[in-house]
Amino acid sequence: MKQIMLCAISSLSCGVCDEDCGYCTQNINSKVKISRYHIKSQEQVVAEAKRASANHALGFCLVTSGARLDDDKTEQVAKIARAVSKECPELMLIACNGMASREQLSELKNAGVFSYNHNLETSREYFSKICTTHSWDERWQTNLDAKSVGLELCCGGIYGLGESESDRVSLRVSLAELAPFSSPINFFMPSDGLSIKQEILSADEAFKIIDDSVKALPNTRLMIAGGRERVLGERQYEIFSHGVVAIVLGDYLTQKGEDMSEDVRCLKELGYTFASKCH
């Protein structure tokens with residue numbers, strides 16, 4: 001019987017962003033119809049956290065839209081983190097709030113956040129092809145700063161943006177240098193409202209990306225996040241035989257995912273158990 005880790009996302013705010021990341025439905029130029037809102041209430045986030053915990057999630061990620069934290073947003077996220085920790089102390093809190101200063105990251109850690117999620121997305125060489133409003137190096141520095149204040153890292157990328165194989169190798173070399181606690185693999189989901197026009201990856205190509213990532217990051221917990229259901233389809237639970245140890249349950253930021261309870265049911269039928277501690 002194999003143990004895996006389940007994580008869930010709470011989109012604290014959505015669609016309030018001035019960045020032009022071409023892969024993201026929340027970017028300032030996106031024509032995709034999405035819900036746009038500012039910070040949710042503590043009560044709503046706590047309710048989402050309780051539902052995630054009831055479905056065996058260990059990780060619970062507090063995500064805000066926008067490129068970076070400011071002091072007001074930091075205070076809001078910290079307040080929500082404390083409320084979730086009080087009601088669901090069993091959850092491992094992850095914050096995903098863009099670029100941030102050491103002081104802001106330290107405030108999140110003091111509020112009970114365990115890990116900071118800030119993906120590099122792609123290689124340093126390719127990043128300017130998918131985003132022009134901030135740099136890859138700013139993302140890199142935020143990860144270094146998060147480590148420096150004692151936060152664990154959740155850092156990965158997105159595949160299928162038109163990047164080359166050498167870009168994929170470069171991304172994984174950078175990730176290996178950061179040595180994150182966990183690393184999410186996302187697969188790009190095309191949309192008519194996005195500037196990036198790429199065909200969806202095949203399942204075989206996705207599994208090659210997974211295999212290459214496992215080899216490049218042998219001491220990191222590999223997680224499959226966005227695109228799992230659509231790219232891998234009926235083969236999605238094969239990921240665990242390829243070295244993946246975690247998945248995201250439920251909905252993503254603006255895209256629907258599998259119903260949490262359905263994922264849990266299928267995984268139990270396959271004989272998997274769920275981690276209740278992160279170490």
Side-chain angles (χ1 to χ4, degrees), residues 7 9 11 14 17 19-27 29-30 32 34 61 63 65-67 94 96-99 116-140 142-143 153-176 178 180 182-191 193-203 205-214 216-217 220-232 236 239 244 246-248 251-257:
C7 294
I9 293 170
S11 187
C14 185
C17 187
E19 304 303 296
D20 69 354
C21 307
Y23 54 85
C24 180
T25 56
Q26 301 183 61
N27 86 69
N29 300 315
S30 171
V32 182
I34 60 172
C61 191
V63 187
S65 60
I94 306 154
C96 179
N97 313 122
M99 291 163 282
Y116 199 71
N117 173 214
H118 194 52
N119 293 334
L120 296 178
E121 304 301 16
T122 190
S123 70
R124 187 176 190 272
E125 298 82 3
Y126 194 69
F127 189 80
S128 63
K129 303 290 194 303
I130 61 171
C131 178
T132 67
T133 47
H134 64 269
S135 70
W136 186 94
D137 293 278
E138 291 177 89
R139 288 177 172 266
W140 175 262
T142 292
N143 278 285
L153 293 186
C154 175
C155 184
I158 182 167
Y159 291 87
L161 302 173
E163 75 281 355
S164 66
E165 184 60 31
S166 63
D167 287 315
R168 295 175 180 180
V169 172
S170 177
L171 168 61
R172 291 190 284 264
V173 168
S174 297
L175 291 172
L178 286 174
S182 60
S183 185
I185 296 173
N186 296 279
F187 302 118
F188 177 60
M189 293 291 95
S191 173
L194 294 177
S195 60
I196 294 178
K197 307 297 181 185
Q198 294 290 329
E199 294 295 322
I200 191 170
L201 293 173
S202 69
E205 187 171 7
F207 278 115
K208 181 182 185 303
I209 289 166
I210 292 169
D211 292 340
D212 291 342
S213 298
V214 169
L217 300 165
T220 292
R221 296 156 182 81
L222 269 293
M223 172 190 300
I224 303 301
R228 167 171 61 95
E229 299 89 346
R230 190 168 164 194
V231 170
L232 300 175
Q236 62 182 286
I239 58 175
V244 170
I247 60 170
V248 172
D251 295 337
Y252 303 98
L253 295 179
T254 61
Q255 300 217 17
K256 296 292 290 183

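Remember, predicted model here, so these are calculated numbers, not experimental data.
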Practice prompt. Determine, step by step, whether Cys7 and Ile9 satisfy the side chain to side chain contact (heavy atoms under 4.5 Å, CB included) criterion, reporting the C-alpha distance in whole Å, the side-chain angles of both residues, the deciding distance to 0.1 Å, and the verdict.
Written response: CA-CA 7 Å; Cys7 294; Ile9 293 170; over 6 Å; no
Worksheet entry | Any Pro184 side-chain heavy atom under 4.5 Å of Asn186 side chain | yes
Worksheet item: When the ring planes of Trp140 and Trp136 are compared, do they come out parallel, tilted or perpendicular, using 30° and 60° as the limits?
Response: parallel
Discussion item. With side chain to side chain contact (heavy atoms under 4.5 Å, CB included) as the criterion, how do Thr220 and Leu175 come out once you've worked through the C-alpha distance, each side chain's angles and the decisive distance to 0.1 Å?
Written reply: CA-CA 10 Å; Thr220 292; Leu175 291 172; over 6 Å; no
Discussion item. Quick one, Arg228 and Ile185 - any side-chain contact, counting heavy atoms below 4.5 Å?
Written reply: no
Fill in: Partner residues of Tyr126 under the ring-ring contact (aromatic ring centres under 6.0 Å, His included) criterion, sequence neighbours left out
none
Discussion item. List the residues meeting side chain to side chain donor-acceptor pair (under 3.5 Å) with Arg139, not counting sequence neighbours, and say none if there are none.
Written reply: Tyr23, His134
Worksheet item: Quick one: side chain to side chain donor-acceptor pair (under 3.5 Å) partners of Ser128, sequence neighbours excluded?
Response: none
Worksheet, complete the sentence: The side chain to side chain donor-acceptor pair (under 3.5 Å) partners of Asn143 (sequence neighbours excluded) come to none
Discussion item. Asn97 vs Tyr116, test: side chain to side chain contact (heavy atoms under 4.5 Å, CB included). Steps then yes/no.
Written reply: CA-CA 8 Å; Asn97 313 122; Tyr116 199 71; 3.5 Å; yes
Fill in: Set of side chain to side chain contact (heavy atoms under 4.5 Å, CB included) partners for Ser164, sequence neighbours left out
Ser166, Asp167
Worksheet entry | For Val214, side chain to side chain contact (heavy atoms under 4.5 Å, CB included) partners two or more places apart | Ile210, Leu222
Discussion item. Can you give me the closest heavy-atom contact between Val248 and Ala225, atom names plus distance?
Written reply: CG2-CB, 3.8 Å
Worksheet, complete the sentence: When every non-hydrogen atom of Gly156 is compared with those of Asn119, the smallest separation belongs to N-OD1, 2.8 Å
Response to the item:
In terms of heavy-atom contacts, Leu161 and Glu163 come closest through N-OE1, 2.7 Å
Fill in: Heavy-atom side-chain proximity of Phe187 to Ile224 below 4.5 angstrom
yes
Practice prompt. Please identify each residue that fulfils salt bridge (charged side-chain N to carboxylate O under 4.0 Å, His left out) with Arg172, with sequence neighbours left out.
Written response: Glu165, Asp212
Discussion item. Whether the side chain of Ser183 engages the backbone of Cys155 through a donor-acceptor N/O pair (distance < 3.5 Å, no angle test) should be reported.
Written reply: yes
Practice prompt. Can you sort out the partners of Ser202 under side chain to side chain contact (heavy atoms under 4.5 Å, CB included), two or more places apart, ordered by chain and number?
Written response: Asp204, Glu205
Practice prompt. Could you list the residues that satisfy salt bridge (charged side-chain N to carboxylate O under 4.0 Å, His left out) with Glu138, not counting sequence neighbours?
Written response: Arg68
Practice prompt. For Lys129, enumerate each residue passing the side chain to side chain donor-acceptor pair (under 3.5 Å) test, keeping only those at least two apart in sequence or located in another chain.
Written response: none
Discussion item. For Glu125 versus Ser170, what's the shortest heavy-atom pair and its separation?
Written reply: OE1-OG, 2.9 Å
Practice prompt. Please report the shortest heavy-atom distance between Leu171 and Gly157, naming the atom on each side.
Written response: CD2-CA, 4.2 Å
